Number of protein chains: 2
Amino acid sequence: MATDSPDEKWNTAETEIMQATYRALLAHGYADLSISRIADELDKSKAALYYHYDSKDDLLVAFLGFAVDRFETTISTETGADPNDDLEHVIEKLLPLRPDEEQRQLQEVMVGLRSQAMTNEAFREQFTRLDEQIVITTEEIIQRGIDDGVFRDVDPTRIAEHIQATINGTMYARATTNRENAAAATRVSLSSYIDSELRRNA
Amino acid sequence: MATDSPDEKWNTAETEIMQATYRALLAHGYADLSISRIADELDKSKAALYYHYDSKDDLLVAFLGFAVDRFETTISTETGADPNDDLEHVIEKLLPLRPDEEQRQLQEVMVGLRSQAMTNEAFREQFTRLDEQIVITTEEIIQRGIDDGVFRDVDPTRIAEHIQATINGTMYARATTNRENAAAATRVSLSSYIDSELRRNA
DNA sequence: GTCTATAAGATGATAGAC
DNA sequence: GTCTATCATCTTATAGAC
């Protein structure tokens, strides 16, 4: 995957392909994603896609990188002063209380891609890395809270993993069931879990 | 879908088709599941499948019912005397600490099917129902524990939803990442969550 | 109930012109 | 870089024999 400028991960043509893939994915879902459909969204021929990527799999792996980048950008947060706020911020980014259309779509695409991680090792590694990064971010915030005396002296890893599993489960339920109310309730419940586990005045 | 006997949901022929579908799913994954592959596993022709089911979708919806049945049977538990044990039992059934091959396979198939719930409404309704049933089961155990004075006077729905989200998230992570250790840790952490939230001597 | 044969179309991928 | 045309293969599904 050649780049036009060393600073940019994606050149113009490839970015357009990634965006067309994103649209095709939203319109048809992962199961019905084909080179033809991506080409249609791109308004170019299929052969044009094969000029940029060797195979469908090649394109898809590139797209996964693109999507994970987007997702990570979405959750990256300036480390504020208050660990309480930072934790709430990360959770809100990953699992918005009331997701707007764009957030809903991105999450839907991520869940669709993720289902491929079951059988595709390249996908699996990306999601392993993504989950690990989220846990580490959460861990660091908790550790800082402990150091600052804001949080109780708990095991940051244990709490971070628990938070992450709950977030993933809720995101998953949102994408695959009609239990939106339950999802919102779990989101609130997660805050109260943090309250009772971490805050000193619990 | 006609039945041989009114008590049985599946007759012999259909059960064999469901089992062949299950094997095909394990061997190739949902993305590569075709009528041909199911027929191969069944050791019959494709036309034989179309005698029993009108379309691929028809067969798949039937299979989902079959798989959900299996899964529900797996988690159904005789209501024992101790709510603590019952809760632990349900969690262990849904999220075994160290899953054997059969449990791992069933969970993998469920996650594969579930990814279809994103775009298929019939699938979505089944998983909505399944999740709801699990929450209700958990709720009832918690309520009984409260009534018996074994658990603190918490909101059973809130705790049940939280447990379910955490279980789903961990199951999901197990199927789509290489973070098996994290999954095992979360499973343990879930028990300690229950401890601190529910048990009176917490 | 199950078979073979086949239809009708979509899919991933390539060749060769421009 | 992008196009049209094409290929081999696979897909779901059906017709008709047994």
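In this text the structure is predicted, and so the values were computed from the model without any measurement. Just so it is clear: chains get the letters A, B, ... in the order the sequence lines come, proteins before strands, and each one is counted from 1.
- The cationic group of B:Arg114 lies under 6.0 Å from the six-membered ring centre of A:Tyr172 and within 45° of the ring axis, placing it in a cation-pi geometry.
- Within the helix from C:dG1-D:dC18 to C:dC18-D:dG1, the inter-axis angle between the opening and closing five-pair segments is 0°, rounded to 10°.
- Applying the side chain to side chain donor-acceptor pair (under 3.5 Å) definition to pairs two or more places apart or across chains, those involving residues 133-143 of chain A are A:Glu139-A:Thr157, A:Gln143-A:Asp147.
- Contacts between residues 111-118 of chain A and DNA chain D, counted as heavy-atom distances below 4.0 Å, involve no residue at all.
- Distance B:Tyr53 OH to D:dT14 P: 16 Å, rounded to the nearest Å.
- Between A:Glu108 and A:Arg104 there is a salt bridge, since a side-chain N of the basic residue sits under 4.0 Å from a carboxylate O of the acidic one.
- For residues 23-41 of chain A, the pairs satisfying side chain to side chain donor-acceptor pair (under 3.5 Å) are A:Arg23-A:Glu41, with sequence neighbours left out.
- A salt bridge does not link B:Arg187 to B:Glu180: none of the charged side-chain nitrogens sits closer than 4.0 Å to a carboxylate oxygen.
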Under 4.0 Å protein heavy-atom contact, by nucleotide of nucleotides 2-18 of chain C - B base, S sugar-phosphate only
BBB------SBBBB---
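- Considering only residues two or more places apart in sequence or on other chains, A:Ser189 meets the side-chain hydrogen bond (donor to acceptor under 3.5 Å, both in side chains) condition with B:His162.
- When only modelled atom types and interatomic distance are considered, B:Thr166 and A:Thr166 share a side-chain donor-acceptor pair under 3.5 Å.
- B:Arg124 places a side-chain N or O within 3.5 Å of a backbone atom of A:Ala175 that can act as its donor or acceptor partner.
- The nearest pair of heavy atoms linking B:Thr128 to A:Asn178 is OG1-N, 2.9 Å.
- Within the 3.5 Å criterion, the main-chain N or O of A:Asp100 finds a donor-acceptor partner in the side chain of A:Gln103.
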